[in-house]
Q: 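Got a structure here, written out as structure tokens. Questions coming.
Model, not experiment: these values are computed from the prediction. Computed from heavy atoms alone, side chains included, the values below leave out hydrogens, waters and symmetry copies.
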Amino acid sequence: MKIFSSVVLLFSLLLIVETGNAQRKKVTSPFFFIQLTDPQFGFVDTGKGFEKETKLYEKAVRSINRLRPDFVVITGDFVNSTKDRSQIAEFKRITATIDSKIPVYFTPGNHDIGNVADSVSVSTYLKDYGYDHFSFQHKKCQFIGFNSCLIKSKTPNLEKAQYDWLKKTIAKSRKAAHIVLLCHHPFFINSFDEPETYSNIGVEERKKYLDLFSDNKVEAIFSGHLHNNATPLYGKIQLVTTSALGRPLGSAPSGLRIVKVFNDRIEHQYYGLDEVPEKVTFN
């Protein structure tokens, strides 16, 4: 009788846990957001203005305002040179034309902060954009943006402070339906053990952060920087590198990524600006 009671109790506890897990896994309703990256004003015709970037970004904004995503995230390299204030002003001017009802979030790129990030360059960035990391919940999903420049350049103190914040924030988010991260630099392009290059995060830091993300059930990381697309996996984590809205450096045209979030999965597709659909549907 005691054995039977113990079995019943164990089954009841397992049922409660599974029920709790099921409740945590429910998105209020399917939704989508748009990721833009590397508009990089001034890069197409370096030293000769940014008319081409203006046309590309304005075209992207028209698509955003037509499609009406739940929000937009721009993952860095807004401009080519922070010394050219006209580039920053033009980026901000066009960003302001996104419908005010559509939230827009930013994560910094190396062209916004510098290839070697320090307290001075971060402070300058903060004066222009207000923050270099964020966290918010939307329809029971957690979205966390962070400053990958601190990781890439191994900036003392600032990198540790951000890591501690990330660790705490992700741990608090474990009950979210999905945990999605956004940053500028890809952790790797093709394989976890690839050597460090300009385009990825160093191997030691890569392991440190990806282990943290994996242990806390992060499902996807969206980044830019490469000016081309890549979609490797680290365990169950999707590492999605999105090509540039500005000047592409690979086969993908200038464009944006539409990310659909369902109860049980996250889907995404990159579109050239001439290929963006008239509307977003959920199947």
Side-chain angles (χ1 to χ4, degrees), residues 34-64 72-98 104-118 120-122 124-129 132 145-153 182-187 189 196-201 222-230 240-258 270-276:
I34 287 177
Q35 180 203 8
L36 304 175
T37 193
D38 300 86
Q40 206 162 334
F41 279 76
F43 184 42
V44 175
D45 295 320
T46 305
K48 299 179 182 178
F50 40 76
E51 290 182 4
K52 293 178 180 177
E53 288 91 347
T54 290
K55 291 178 180 178
L56 291 169
Y57 195 11
E58 288 179 337
K59 191 170 187 176
V61 168
R62 288 195 293 271
S63 292
I64 290 167
V72 172
V73 182
I74 308 175
T75 51
D77 280 3
F78 316 134
V79 300
N80 194 51
S81 173
T82 55
K83 294 180 180 179
D84 188 338
R85 298 302 300 180
S86 65
Q87 293 178 8
I88 295 174
E90 183 70 343
F91 170 74
K92 287 186 173 184
R93 181 189 71 80
I94 300 174
T95 301
T97 65
I98 297 174
V104 181
Y105 300 92
F106 307 107
T107 66
N110 55 297
H111 279 270
D112 307 309
I113 281 187
N115 288 322
V116 180
D118 57 29
V120 174
S121 62
V122 171
T124 300
Y125 176 87
L126 294 177
K127 289 177 182 177
D128 278 321
Y129 301 103
D132 68 342
F146 58 95
N147 183 352
S148 62
C149 301
L150 302 179
I151 305 169
K152 177 65 175 174
S153 57
L182 302 114
C183 64
H184 182 64
H185 295 82
F187 281 86
I189 310 302
E196 181 178 5
T197 67
Y198 173 80
S199 298
N200 61 19
I201 296 292
F222 291 89
S223 61
H225 186 58
L226 187 64
H227 292 243
N228 202 4
N229 291 307
V240 184
T241 303
T242 295
S243 193
L245 171 62
R247 177 184 172 184
L249 296 177
S251 57
S254 301
L256 53 81
R257 188 174 298 277
I258 294 176
Y270 183 83
Y271 295 93
L273 292 179
D274 292 328
E275 303 164 345
V276 179

Q: Tell me, please, which residues at least two apart from Asp118 pass salt bridge (Lys or Arg N to Asp or Glu O under 4.0 Å).
A: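 Asp118: no salt bridge (Lys or Arg N to Asp or Glu O under 4.0 Å) contacts found.
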
Q: Please identify each residue that fulfils ring pair (Phe, Tyr, Trp, His ring centres under 6.0 Å) with Tyr125, with sequence neighbours left out.
A: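 Counting only residues at least two positions away or on another chain, Tyr125 forms a ring pair (Phe, Tyr, Trp, His ring centres under 6.0 Å) with Tyr129.
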
Q: Please list, chain by chain and in numerical order, all residues satisfying side-chain contact (heavy atoms from CB on, under 4.5 Å) with Ser86, sequence neighbours excluded.
A: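 Here the qualifying residues are Phe50, Asp84.
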
Q: List the residues meeting ring pair (Phe, Tyr, Trp, His ring centres under 6.0 Å) with Phe43, not counting sequence neighbours, and say none if there are none.
A: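 If we apply the ring pair (Phe, Tyr, Trp, His ring centres under 6.0 Å) test to Phe43, skipping adjacent residues, the hits are His227.
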
Q: Among all residues two or more places apart in sequence or in another chain, which pass the side chain to side chain donor-acceptor pair (under 3.5 Å) test with Asp112?
A: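 Counting only residues at least two positions away or on another chain, Asp112 forms no side chain to side chain donor-acceptor pair (under 3.5 Å).
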
Q: Testing the basics here: between Gln40 and Asn80, what is the closest heavy-atom pair and its distance to 0.1 Å?
A: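 Smallest heavy-atom distance, with atoms named: NE2-OD1, 2.8 Å.
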
Q: With sequence neighbours excluded, tell me which residues meet side chain to side chain donor-acceptor pair (under 3.5 Å) with Ser254.
A: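 Counting only residues at least two positions away or on another chain, Ser254 forms no side chain to side chain donor-acceptor pair (under 3.5 Å).
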
Q: With sequence neighbours left out, write down each residue that passes side-chain contact (heavy atoms from CB on, under 4.5 Å) with Leu256, or none if nothing qualifies.
A: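 side-chain contact (heavy atoms from CB on, under 4.5 Å) list for Leu256, sorted by chain: Ile34, Leu36, Ala60, Ile258, Leu273, Val276.
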
Q: Which residues pass the side-chain contact (heavy atoms from CB on, under 4.5 Å) test with Glu58, sequence neighbours left out?
A: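 Per chain and number, Glu58 pairs via side-chain contact (heavy atoms from CB on, under 4.5 Å) with Thr54, Arg62, Arg93, Ile94.
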
Q: For Asn228, which residues count as a side chain to side chain donor-acceptor pair (under 3.5 Å) partner, sequence neighbours excluded?
A: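 Residues passing side chain to side chain donor-acceptor pair (under 3.5 Å) with Asn228: none at all.
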
Q: Taking only residues two or more places apart in sequence, or in another chain, which ones meet Val104 in a side-chain contact (heavy atoms from CB on, under 4.5 Å)?
A: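 Here the qualifying residues are Val72, Ile74, Thr95, Ile98, Phe106.
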
Q: To the nearest 0.5 Å, tell me how far Glu196 CD sits from Ile201 CD1.
A: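 Spacing of CD (Glu196) from CD1 (Ile201) equals 7.5 Å.
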
Q: Only counting residues at least two apart or in another chain, list the ones meeting side chain to side chain donor-acceptor pair (under 3.5 Å) with Thr107.
A: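 Here no residue qualifies.
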
